[in-house]
Amino acid sequence: MSSFSESALEKKLSELSSSQQSVQTLSLWIIHHRKHSALIVKVWHRELKKAKSNRKLTFLYLANDVIQNSKKKGPEFTRDFESVLVDACSHVASEADDGCKKHMDRLLNIWKERSLYRADFIQQLKLAIEDSNSPRPSGESSCAEERKPVKRSYQKIHEEEDDEDDDYRSQMSPRNTESMSSSQLTEELVKALQDLENAASGDAAVRQKIASLPQEVQDVSLLEKITDKEAADKLSKTVDEACLLLAEYNGRLAAELEDRRQLARMLTDYINSQKDELVKREKKLEEYKQKLARVTQVRKELKSHIQSLPDLSLLPNVTGGLAPLPSAGDLFSTD
């Protein structure tokens with residue numbers, strides 16, 4: 001498991017995607033380094049404000065996962081996030097449409113039901129969302145119709161959170177290829193292909209680390225060989241590190257898989273757009289071929305017409321060597 005540093009956290013936040021696997025993997029890494037909770041929350045808050053509008057809600061999902069799953073290990077994150085959540089919610093809501101605000105409101109309802117924060121603080125967060133002046137008009141939302149919060153089981157709440165994640169990802173897709181021009185689609189396609197050059201499946205260093213994991217972390221039957229607490233603690237630490245390493249790599253692979261699916265869709269759109277362009281260009285080519293044929297025919301007829309005209313240079317000299325006729329000035333001269 002990589003050690004904690006501010007730059008490492010910034011990098012992981014920049015790579016955070018809206019997939020549940022990506023959020024949970026980074027959450028696990030953050031909780032592992034909970035002794036740096038104050039700095040983690042500070043960096044999270046700073047990077048949230050720098051993130052693009054369509055990624056800000058994902059930052060709140062990350063905070064939610066960290067707050068809920070770290071509660072049993074200590075109050076650090078619950079306490080430290082409380083100091084920035086009002087400003088964070090206000091900031092996210094200021095750049096969100098009504099659909100995104102509904103996701104935020106549902107998230108706060110979950111916090112209230114699970115007693116993660118005091119009711120008055122939850123109300124303060126809701127007011128921060130309501131008071132934000134959103135510059136975006138609210139369009140059609142793919143969110144489910146708003147319902148009054150009711151007491152639900154943990155499993156039901158978890159299922160609804162998964163559904164909301166799927167709805168949000170479909171609503172806030174970073175690429176809408178249907179509205180792109182051919183040149184824009186080409187640029188996006190090239191960028192997507194370049195991004196895959198550093199994909200997780202090509203990370204030989206991490207694969208080597210995984211291949212080098214001791215057999216004890218993979219074979220339960222070998223636990224019988226553990227005879228003292230010191231060896232057990234050592235193995236426990238190794239197993240924890242292996243879990244974090246594999247969870248992080250699986251998260252990267254899941255993100256890569258989604259990127260490749262997106263790339264496949266982009267390639268399909270690109271091929272279809274090129275087929276459309278091919279039809280248009282073939283039609284244009286046919287039009288200009290016809291124009292060329294007409295111009296060529298005019299050129300041929302004109303050449304034939306010119307050849308049929310008499311050559312004035314071959315006409316006889318009609319003056320017969322006579323003196324030229326007098327000019328008007330000569331006629332009216334008094335001399």
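Residue indices begin at 1 and follow the sequence shown.
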inquiry  = Please check this pair: side chain of K56 against backbone of L48, looking for a donor-acceptor N/O pair closer than 3.5 Å.
reply    = yes
When every non-hydrogen atom of H305 is compared with those of S308, the smallest separation belongs to O-OG, 2.6 Å
Short N-O contact, E15 and K11, less than 4.0 angstrom
yes
Pairing donors with acceptors under 3.5 angstrom, does anything connect the side chains of Q262 and R265? yes
- Query: Between L62 and L26, is any pair of side-chain heavy atoms under 4.5 Å apart?
  - Reply: yes
Any heavy-atom pair between the side chains of I67 and E82 that's under 4.5 Å? no
ask   = Under 3.5 Å, side chain of S22 to main-chain N/O of S18, donor-acceptor pair present?
value = no
Are L108 and I129 side-chain neighbours, meaning at least one heavy-atom pair lies under 4.5 Å? yes
* Do E76 and S37 have side-chain N/O donor and acceptor atoms under 3.5 Å apart? -> no
### Message
For K42, is there an ion pair with D80 - N to carboxylate O distance below 4.0 angstrom?
### Response
no
Checking R118 against I122 for the side-chain contact (heavy atoms from CB on, under 4.5 Å) test, could you report, in this order, the C-alpha distance in whole Å, the side-chain angles of both residues, the deciding distance, and whether it holds?
CA-CA 6 Å; R118 306 180 314 276; I122 297 293; over 6 Å; no
So I31 and N69, do their side chains get closer than 4.5 Å, heavy atoms only? yes
Is Y61 reachable from V86 through a run of hydrophobic residues whose side-chain heavy atoms are each under 4.5 Å from the next?
-> yes
query: Does any donor atom in the side chain of Q68 or N64 lie under 3.5 Å from an acceptor atom in the other side chain?
result: yes
- [ ] Let me see the working for E286 and R281 under salt bridge (charged side-chain N to carboxylate O under 4.0 Å, His left out), right down to the final yes or no.
- [x] CA-CA 9 Å; E286 188 60 32; R281 296 299 182 267; over 6 Å; no
State plainly whether one hydrophobic cluster holds both V239 and L223, where clusters connect Ile, Leu, Val, Met, Phe, Trp and Tyr through side-chain heavy atoms under 4.5 angstrom apart.
yes
- Are I210 and L257 joined in one hydrophobic group, where the rule is that I, L, V, M, F, W and Y side chains link up if heavy atoms are under 4.5 Å apart? no
Output for pair (E188 CD, M266 CE), nearest 0.5 Å, gives 5.0 Å
For the hydrophobic clusters of this structure (ILVMFWY residues joined by side-chain heavy atoms under 4.5 Å, transitively), does one cluster hold both L263 and V190?
no
Taken to the nearest 0.5 Å, the spacing of D97 CG from K102 NZ works out to 10.0 Å
- What do you reckon, is CD of E287 surrounded by more than 12 foreign heavy atoms closer than 6.0 Å? yes
Taken to the nearest 0.5 Å, the spacing of L60 CG from H103 NE2 works out to 12.0 Å
Of all heavy-atom pairs linking L125 and C89, the shortest is CD2-SG, 4.1 Å
Shortest non-hydrogen pair, S201 vs Y249, comes out as CA-OH, 3.8 Å
inquiry  = Could you check whether K191 pairs with E187 (Lys NZ or Arg NE/NH1/NH2 to Asp/Glu carboxylate O, under 4.0 Å)?
reply    = no
Exercise. Checking side-chain contact (heavy atoms from CB on, under 4.5 Å) for the pair I30/D65: CA distance, chi angles, key distance, verdict?
Worked result: CA-CA 10 Å; I30 287 174; D65 201 273; over 6 Å; no
### Query
Does any N or O in the side chain of R55 come within less than 3.5 Å of the main-chain N or O of L16, such that one atom is a donor and the other an acceptor?
yes
> Between E277 and S273, does a side-chain hydrogen bond (donor to acceptor under 3.5 Å, both in side chains) hold up when you go through it step by step?
Replying inline: CA-CA 6 Å; E277 288 295 324; S273 73; over 6 Å; no
task = Please confirm whether the backbone N or O of V23 pairs with a side-chain atom of S27, one donor and one acceptor, at under 3.5 Å?
result = no
Heavy-atom count check: over 12 atoms from other residues, nucleotides or ligands less than 6.0 Å from Q215 CD?
yes
| message | Any non-hydrogen side-chain atom of E216 less than 4.5 Å from a side-chain atom of T238? | response | no
So, do V206 and L245 sit near enough that their side-chain heavy atoms are less than 4.5 Å apart? yes
Check the hydrophobic clustering (I, L, V, M, F, W, Y; side-chain heavy atoms under 4.5 Å; chains of links allowed) and say if I226 and V220 are grouped together.
yes
Review point. With distance as the sole criterion, is a donor-acceptor pair present between the side chains of S14 and E10 under 3.5 Å?
Key: no
Closest non-hydrogen atoms of K71 and S115, given as atom of the first, atom of the second and distance, are NZ-O, 3.5 Å
Worksheet item: T268 side chain to A264 main-chain N or O, any donor-acceptor pair under 3.5 Å?
Response: yes
Does D105 pair with K101 as a salt bridge, N-O distance under 4.0 Å? no
Here the pair of heavy atoms bringing L57 nearest to C100 is CD2-SG, 3.9 Å
CG (N109) and CZ (R114) are apart, to the nearest 0.5 Å, by 12.0 Å
Notebook entry, point to check: Is the side chain of S90 donor-acceptor paired with the backbone N or O of D87 at a distance under 3.5 Å, no angle test?
Noted result: no
| field | Residue pair Y117 / L85, side-chain heavy-atom distance below 4.5 Å | value | yes
Practice problem: Spell out, as yes or no, whether a donor-acceptor pair under 3.5 Å connects the side chain of T296 to the backbone of L292. | Solution: yes
*Please check if the distance between the ring centroids of F81 and W44 is under 6.0 Å.*
yes
* **pair R46-E6: side-chain heavy atoms closer than 4.5 Å** => yes
